[in-house]
Amino acid sequence: MKLDLAQLFDSGKSLFLAMDHGLEHGPKEFNMDTIDPEYVLDVAVKGNYNGMIVQKGIAERYYEHYRHKVPLILKLNGKTNIAQNDPYSPINCSVKRAVELGAQAVGFTIFVGSPQEAKIFHEFGKIQEEAHEYGLPVIAWMYPRGKFVNEETSIDTLAYAARVGLELGADILKMKFNPDIQGYKWVVKCAGNVPLLCAGETKLADKEFLQRTQDIMSAGASGMAIGRNVWQHHDPLGMTKALKKIIFEKASVEAALKCVKNEQKKK
Ligand code: FBP
């Protein structure tokens, strides 16, 4: 079956919203509003995101209502940050179940360099082939991690991880950023023709985050797959608009900043 990446991109660029942090980081990332999955799903719909990334349980209980409003990207593996074992993200959902739930793509974390790497690669290979049989693209979180990885976000390490993503058959890569723009161009190059989206990471001040977004795009990334910098923001839709201006319209940071309400105005 032919893969359709176009439905997840606008003119080769994309912006996904991620909300798998309840599993990956725990409720500490949320407040009384944002802990409600509908809060974040509403942002994805109103913000017209190219995809919403969630785990199976959220999709089963909440996605039906959003089914034709925002493309579902179902994360097939995940872990908590409680167990301090060698980095390994167990599979909790099959490709078949993702298809039943209406997924238009699946997500899978690969901890590059983990002592569990052999098992992770083997699982990814099976998932990738199965997903492709259903015509679903596979988005790989290429996260170098574990006792053999010295610097998770050095250019060399990220470049290696990007290349691994290409060689293992990922259709889209989701990776952390390194603000060395020239260096990051090499990371993007190592991914070949696989689009690379950057994670947002810890919440930053608006200007700093939008500058980072511009740097990400200048380095040749195809967009972002982010969570906290949007749904932890007091004006998630304003921040969404600002991000889109930079990603899709190549606007300046100053122009994009005007989309975001300041906290006083919001109240
Ligand atoms: P953020 O934009 O909030 O960083 O989300 C991106 C993401 O990849 C999530 O999908 C995931 O839950 C989290 O970061 C994993 O981060 P880490 O493994 O570094 O704790």
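All ligand and atom numbering here is 1-based and tracks the order in the structure. For the single chain, residues carry numbers from 1 onward in sequence order.
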task: If you have a sec, work out which protein heavy atom is nearest atom 14 (O) of ligand 1 and how many Å separate them, to one decimal?
output: Tyr143 OH, 3.9 Å

Output a table of donor-acceptor pairs, distance under 3.5 Å, between side-chain atoms of residues 50-63 and any protein atom two or more places apart or on a different chain; print 'none' if there are none.
unit_1, atom_1, unit_2, atom_2, d
Asn50, OD1, Leu15, N, 2.8
Asn50, ND2, Asp10, OD2, 3.3
Gln55, OE1, Asn92, ND2, 3.0
Gln55, NE2, Asn77, O, 3.0
Lys56, NZ, Asn92, O, 3.2
Glu60, OE2, Arg97, NE, 3.0
Glu60, OE2, Arg97, NH2, 3.0
Tyr63, OH, Arg67, O, 3.1
Tyr63, OH, Val70, O, 2.3
Tyr63, OH, Leu72, N, 3.3

message: Any heavy-atom pair between the side chains of Phe111 and Asp86 that's under 4.5 Å?
response: no

statement: So the atoms of ligand 1 within less than 4.0 Å of a heavy atom of Glu24 turn out to be 12 (O)

- prompt: Between His21 and ligand 1, does any nitrogen or oxygen pair lie at a separation below 3.5 Å?
  reply: yes

- request: Considering only non-hydrogen protein atoms, determine which one is nearest to atom 13 (C) of ligand 1 and report residue, atom name and distance to 0.1 Å.
  value: His25 NE2, 3.9 Å

- request: Work out whether the distance between some heavy atom of Lys75 and some atom of ligand 1 is less than 4.0 Å.
  value: no

message: So if I count the atoms of ligand 1 from 1 in the order they appear, which ones are less than 4.0 Å from some heavy atom of Lys176?
response: 16 (O), 17 (P), 19 (O)

query: Looking only at side chains, do Thr34 and Asn31 share a donor and an acceptor under 3.5 Å apart?
result: yes

query: What heavy-atom pair brings Cys93 and Leu74 nearest, and what distance separates the two atoms?
result: SG-CD2, 3.3 Å

- prompt: In terms of ring plane angle, is the pair His21 and Trp231 parallel, tilted or perpendicular, where the classes change at 30° and 60°?
  reply: perpendicular

- request: Could you check atom 18 (O) of ligand 1 against the protein and tell me its nearest heavy-atom contact, residue, atom and distance included?
  value: Arg145 NH1, 3.0 Å

task: Looking only at distances, please establish whether an N/O atom of ligand 1 is found under 3.5 Å from an N/O atom of Gly200.
output: yes

statement: Nearest non-hydrogen protein atom to atom 11 (C) of ligand 1, with distance, is Asp20 OD1, 3.3 Å

Only distances under 3.5 Å count here; give the side-chain donor-acceptor pairs of residues 191-206 to other protein atoms, sequence neighbours excluded, each with its distance to 0.1 Å.
unit_1, atom_1, unit_2, atom_2, d
Glu201, OE2, Phe177, N, 3.3
Glu201, OE2, Arg212, NH2, 3.1
Asp206, OD1, His233, NE2, 2.8
Asp206, OD2, His233, NE2, 3.4

message: So if I count the atoms of ligand 1 from 1 in the order they appear, which ones are less than 4.0 Å from some heavy atom of Glu201?
response: 1 (P), 2 (O), 4 (O)

query: Is there a heavy atom in Lys174 that sits closer than 4.0 Å to ligand 1?
result: yes

query: Can you tell which part of Arg228 has a heavy atom less than 4.0 Å from ligand 1: side chain, backbone, both or neither?
result: both

query: Any chance the side chains of Thr109 and Lys75 put a donor and an acceptor closer than 3.5 Å?
result: yes

message: Check this for me: does any side-chain nitrogen of one of Glu167 and Arg163 sit under 4.0 Å from a carboxylate oxygen of the other?
response: yes

message: Using a 4.0 Å cutoff against the non-hydrogen atoms of Ile226, which atoms of ligand 1 qualify?
response: 2 (O)

task: Using a strict cut-off of less than 4.0 Å between a Lys/Arg side-chain nitrogen and an Asp/Glu carboxylate oxygen, indicate whether Lys96 and Glu100 qualify as a salt bridge.
output: yes

field: Structural part of Gln55 in contact with ligand 1, heavy atom criterion under 4.0 angstrom
entry: neither

